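Note that the coordinates shown come from a computational prediction; the quantities given were computed from them, not determined experimentally. Order of the sequence lines fixes the chain letters, A, B, ..., with proteins taken first and strands second; residue numbering starts at 1 for each chain.
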2 protein chains.
Amino acid sequence: MELDALDRAIVGALVEDARSTYAEIGHQIGLSAPAVKRRVDRLLSSGAITGFTARVEPSALGWTTEAYVELFCRGKTSPAEIGLAVARLPEVISACTITGEADALLHIRAKDVRHVEQVIERVAAEAFVVRTKSAIVLSRLIDDTPHAANAAPRAD
Amino acid sequence: MELDALDRAIVGALVEDARSTYAEIGHQIGLSAPAVKRRVDRLLSSGAITGFTARVEPSALGWTTEAYVELFCRGKTSPAEIGLAVARLPEVISACTITGEADALLHIRAKDVRHVEQVIERVAAEAFVVRTKSAIVLSRLIDDTPHAANAAPRAD
DNA sequence: ATTGAAATAAGCATAAC
DNA sequence: GTTATGCTTATTTCAAT
């Protein structure tokens, strides 16, 4: 599906504040409220926008520690196999297979360092995991919480 | 600030769908709409909830490639210095300092592999960067888009 | 201090054009 | 795409626990 400049502006506005009213967004981009709603509905049904969520301060919920864990897997472990295994752990907030020495990279959030260790142990207990290599996050510089700037690749 | 069970349920509901009505949330947790609104307002002003955002499919916006870049910095480069430098690049959607050999880890999104290379070049051009080590994401298994399961540490 | 109920104000959804 | 309209939701007020 093709997104024009207005669609991208709408996405940007909703990324910045998902609770903006259609009228507010319309005013910003020069469109009426119903026109904005129709476009939002279209963006939702096309899958460009997959939903709306609250931005939460992890520390407020007790998630004070985060870590990245590289997974080294045996032989030809499939991405699906890894995904299935780590999806069971709620502490894993992101996982992907990658190029390089390691096979996969996990991003985990936990209550404290001890909790991080428990999660790593659980991951390492999987049959396909040969070894892991972890790095604890010291200070977060840029959050993955989306902002307007990340709504579209820059023109360059 | 202390969050009770009702607050956590509200946060969970809003993480799952930021456009739920107060009445819907109230029905789920056994509270009236105004009571829910008051708690949401409190969660917002206390900073537990920092805002509401749209979940966007990156590929729909042209972000088809992602990578993780480890930064090895010279001497005693401060986290603030790294943060300031990478904040200028819109492709950097996450950045943190970490334990281990590398000093920092960046998560970047780009239009294609060529674009990833350009971003790495720009990062490497910073005076404090000694070298970088990158891994291109092959397949994403778990998204960082928050779901209900990630709204609170599990009881254990 | 926090809640629920009622009343008002605001925004939404759907029509029609 | 816009304008007009009934309907839902948000928000305020107030009494009660």
Open item on the list: Does any part of the side chain of F52(B), heavy atoms only, come nearer than 4.5 Å to the side chain of R19(B), both counted from C-beta?
Closed with: no
TODO: State, to the nearest 10°, the angle formed by the axis through the first five base pairs of the helix from dA1(C)-dT17(D) to dC17(C)-dG1(D) and the axis through its last five.
DONE: 30°
Open item on the list: If you compare all heavy atoms of A124(B) against all heavy atoms of T132(B), which two are closest, and at what distance to 0.1 Å?
Closed with: CB-CG2, 4.3 Å
Task: Outermost nucleotides of DNA chain D that come under 4.0 Å of a non-hydrogen atom of chain B - done: dT9(D) to dT12(D)
Task: Gap between atoms CZ and C1', on R42(B) and dT3(C) respectively (whole Å) - done: 13 Å
TODO: State, to 0.1 Å, how close G26(A) and V36(A) come at their nearest heavy-atom pair, and which atoms those are.
DONE: CA-CG2, 3.5 Å
Open item on the list: Whether D144(A) and R109(B) form a salt bridge (side-chain N of Lys/Arg under 4.0 Å from carboxylate O of Asp/Glu) is what I want to check.
Closed with: no
Task: Salt bridge present between K133(B) and E101(B) (N-O < 4.0 angstrom) - done: no
- [ ] Do nucleotides 6-17 of chain C as a string where each nucleotide becomes B, S or -: B if the base has a protein heavy atom under 4.0 Å, S if just the sugar-phosphate does, - if no protein is that close.
- [x] B----SSSB---
Task: Nearest atoms (heavy-atom pairs only) where T53(A) meets R55(B) - done: CB-NH1, 3.6 Å
TODO: Taking the side chain as every heavy atom from C-beta outward, state whether R42(A) and M1(A) have any atom pair closer than 4.5 Å.
DONE: yes
- [ ] Describe the nucleic acid contact of R39(A) in one word from base, sugar-phosphate, nothing, applying a heavy-atom distance below 4.0 Å.
- [x] sugar-phosphate
Task: Distance, rounded to the nearest Å, where D7(B) contributes CG and dT2(C) contributes C1' - done: 12 Å
- [ ] Begin from the C-alpha positions of T65(A) and R114(A) and carry the test side-chain hydrogen bond (donor to acceptor under 3.5 Å, both in side chains) through to its verdict.
- [x] CA-CA 10 Å; T65(A) 313; R114(A) 163 120 190 75; over 6 Å; no
Open item on the list: Rounded to whole Å, how long is the line connecting atom CG of L31(B) with atom C1' of dA1(C)?
Closed with: 14 Å
TODO: Please report the shortest heavy-atom distance between V137(A) and I98(B), naming the atom on each side.
DONE: CA-CG2, 4.2 Å
Open item on the list: Minimum heavy-atom separation for A54(B) and A18(A), please, with both atom names.
Closed with: N-CB, 3.9 Å
